[in-house]
Amino acid sequence: MHLSNSRSLYLWKTLPTLLLCFAVAAPLINKKSGQVAAGLILITGLISYLLIFLKHIQIPPIGRPEKIMALGSMFLLASIIVNMLLFTDFSQMGGNTDQFSYLLLPLLLLPLLRVSNISSGYLSNTLSITSAVAGLLAIIEYSQTNSRTGVIFHGQSIPFGNLALITGFSCLTFLNLNNCKLKNIVLIGCSSLAIIASLLSQTRGGFIAIPALLVLLVFFKKEYFIRKKVFLSFIGLALISVTFLLSSGVLKKVENRLNSAVNQTSSYYEDDNKATSVGIRFDLWKIALDGWKESPLLGKGVTEFYHYKADKIGIEESRSHLLKFKHPHNEYIGLLFSQGIWGLIVFSVLIMSLSVYYFRRSKSSPVALTGLLVTCGYLIFSLTESFFSLHTSLFFYLTLNSVLLYLLSQDRPAQGSSSHVA
């Protein structure tokens with residue numbers, strides 16, 4: 001890299017590093033902060049490409065996983081654009097599409113990552129601070145409202161709860177016996193706050209994901225968790241957390257929410273009661289699958305679900321509760337409706353390729369394990385929500401994975417394993 005002086009070099013590296021850390025944390029704050037981060041990435045990414053083109057800076061070669069991530073995102077974007085051109089009535093669009101512009105992020109982040117000082121240490125600190133802030137904000141909100149959190153500070157309970165959960169679990173991937181005790185305590189404490197935030201949001205997808213994430217974490221970090229002192233410490237922390245949750249009444253509300261899902265399912269089939277959270281999802285899934293059957297290969301269009309649903313509902317007042325929903329609340333069924341079997345295959349190949357890559361490296365790398373936990377969480381959340389299609393969750397996934405793949409391509413976790421991130 002050729003810059004005029006060392007001060008300029010330091011500044012040029014510090015600003016992108018801070019931006020990357022902010023971009024990882026921003027989606028858990030709210031949608032607007034994510035949009036601000038996306039705008040800053042767009043500007044700085046384009047400036048970086050311009051400086052590279054003018055040969056004012058030079059960057060190291062780009063790793064193969066990063067290339068695949070960027071090309072895969074661009075391929076998805078191109079597929080969506082083609083789908084819109086083929087199926088969308090632009091005079092009467094039935095859905096928002098601006099979130100798909102986030103698929104440009106991996107490409108824009110390529111030069112930024114290389115001119116930054118981002119490392120696994122920066123990442124673990126960012127995840128820890130974000131987890132702690134999310135937990136504290138959730139506790140404050142719950143103390144004020146005594147109801148589901150994530151509405152006042154974030155704007156939506158489901159994205160807030162799910163992102164808090166995987167951010168909290170990501171902190172635990174950096175636990176290591178070579179760490180100083182204080183660092184491990186901080187990681188566990190920050191993680192606990194984020195998981196409490198997820199429980200306070202009462203997000204059902206998070207409840208389903210917790211056992212799967214816990215199994216993956218213990219499996220790949222068993223050399224840490226099977227130690228007697230560590231095990232006893234976690235038991236003690238669990239007792240403290242459960243005591244807090246019991247005294248605040250959170251666990252009772254979680255139990256009621258899980259019971260309500262069972263009762264709503266029974267009510268849907270036995271009493272034809274469809275105006276419930278579960279009933280709405282069942283009806284949305286049925287409508288989306290009916291649309292997919294009409295065009296199984298290529299789907300009905302990424303913007304067409306809202307109008308198709310409205311046509312199916314017609315003037316039936318008993319189904320008017322479905323009118324406001326613009327996606328089917330299931331990513332896989334939504335893909336079948338919008339892009340057909342072709343879209344689902346493309347998505348599956350890309351996401352499974354990424355998962356396999358992370359899985360193979362998760363035993364030796366907390367960075368890879370973070371990617372595996374995040375991807376696993378997203379796949380579970382997408383069973384009851386169109387999670388890859390939401391602004392905040394899509395931005396978080398693309399940004400965090402771009403950082404993770406860069407760190408893995410540089411093999412930085414392995415280099416620092418003896419000190420702080422085995």
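Below, each value reflects all heavy atoms present in this structure, side chains not excepted, and no hydrogens, waters or symmetry copies. Counting begins at 1 with the first residue of the sequence.
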Do side-chain atoms of [X] reach the backbone of [Y] as a donor and acceptor pair under 3.5 angstrom?
| X | Y | result |
| --- | --- | --- |
| Ser143 | Ile140 | yes |
| Thr17 | Asn117 | yes |
| Ser124 | Gly121 | yes |
| Ser116 | Leu113 | yes |
| Arg148 | Ser201 | yes |
| Gln339 | Leu344 | no |
| His329 | His327 | yes |
| Ser191 | Gly168 | yes |
| Lys309 | Ile287 | no |
| Thr203 | Gly206 | no |

Considering only heavy atoms from C-beta outward, does the side chain of [X] approach that of [Y] to under 4.5 Å?
| X | Y | answer |
| --- | --- | --- |
| Lys183 | Asn176 | no |
| Val151 | Ser157 | yes |
| Tyr378 | Leu163 | yes |
| Asn330 | Thr384 | no |
| Phe174 | Asn179 | no |
| Phe160 | Phe153 | no |
| Ile41 | Leu112 | yes |
| Ile166 | Phe396 | yes |

Could you check whether atom [atom1] of [X] has more than 12 heavy atoms from other residues, nucleotides or ligands sitting under 6.0 Å from it?
| X | atom1 | value |
| --- | --- | --- |
| Phe359 | CZ | no |
| Lys363 | NZ | no |
| Trp342 | CH2 | no |

Distance-minimising heavy-atom pair for [X] and [Y]:
| X | Y | value |
| --- | --- | --- |
| Leu108 | Tyr49 | CA-CE1, 4.3 Å |
| Tyr102 | Ala38 | CE2-CB, 3.7 Å |
| Ala164 | Ala197 | CB-CB, 4.2 Å |
| Pro65 | Tyr357 | CG-OH, 3.5 Å |
| Pro106 | Ala70 | CB-CA, 3.9 Å |
| Leu213 | Leu373 | CD2-O, 3.4 Å |

Could you go through the side chain to side chain contact (heavy atoms under 4.5 Å, CB included) check for Thr303 and Phe87 one step at a time? CA-CA 8 Å; Thr303 65; Phe87 298 107; over 6 Å; no

Could you walk me through whether Tyr308 and Phe337 satisfy the ring-ring contact (aromatic ring centres under 6.0 Å, His included) test, starting with their C-alpha distance in whole Å, then the side-chain angles of each, then the deciding distance to 0.1 Å, before giving a yes or no? CA-CA 10 Å; Tyr308 180 84; Phe337 174 88; 5.4 Å; yes

Assess whether side chain to side chain contact (heavy atoms under 4.5 Å, CB included) is satisfied between Glu385 and Asn162, documenting all intermediate values. CA-CA 11 Å; Glu385 181 61 84; Asn162 289 341; 5.5 Å; no

State the [atom1]-[atom2] distance between [X] and [Y], to the nearest 0.5 angstrom.
| X | Y | atom1 | atom2 | answer |
| --- | --- | --- | --- | --- |
| Thr149 | Leu137 | OG1 | CG | 9.5 Å |
| Met69 | Leu354 | CE | CG | 6.5 Å |
| Ser393 | Leu398 | OG | CG | 9.5 Å |
| Leu400 | Thr126 | CG | OG1 | 10.0 Å |
| Leu104 | Leu109 | CG | CG | 10.5 Å |
| Thr370 | Leu217 | OG1 | CG | 9.5 Å |

Find out whether the Lys NZ or Arg CZ of Lys286 is both under 6.0 angstrom from the six-membered ring centre of Phe282 and within 45° of the ring's axis. no

Between Tyr397 and Phe387, ring centroids under 6.0 Å: no

Below 6.0 angstrom between ring centroids: does that apply to Phe381 and Phe388? no

With the threshold set at 4.0 Å, does a side-chain nitrogen-carboxylate oxygen contact exist between Glu66 and Arg114? yes

How about Ser33 and Asn30: does a side-chain donor come under 3.5 Å of a side-chain acceptor? yes

I'd like to know if the side chain of Tyr406 pairs up with that of Asn401 as donor and acceptor (distance under 3.5 Å, no hydrogens or angles considered). no

Carefully, step by step, assess Ser386 and Glu331 under the rule side chain to side chain donor-acceptor pair (under 3.5 Å). CA-CA 4 Å; Ser386 299; Glu331 192 69 49; 4.7 Å; no

Under the side chain to side chain contact (heavy atoms under 4.5 Å, CB included) rule, what do Gln99 and Leu390 come out as? Steps first, then yes or no, please. CA-CA 7 Å; Gln99 73 271 21; Leu390 300 177; over 6 Å; no

If you apply the rule side chain to side chain contact (heavy atoms under 4.5 Å, CB included), what do you find for Tyr358 with Leu405, and how did you get there? CA-CA 9 Å; Tyr358 284 141; Leu405 290 174; 3.8 Å; yes

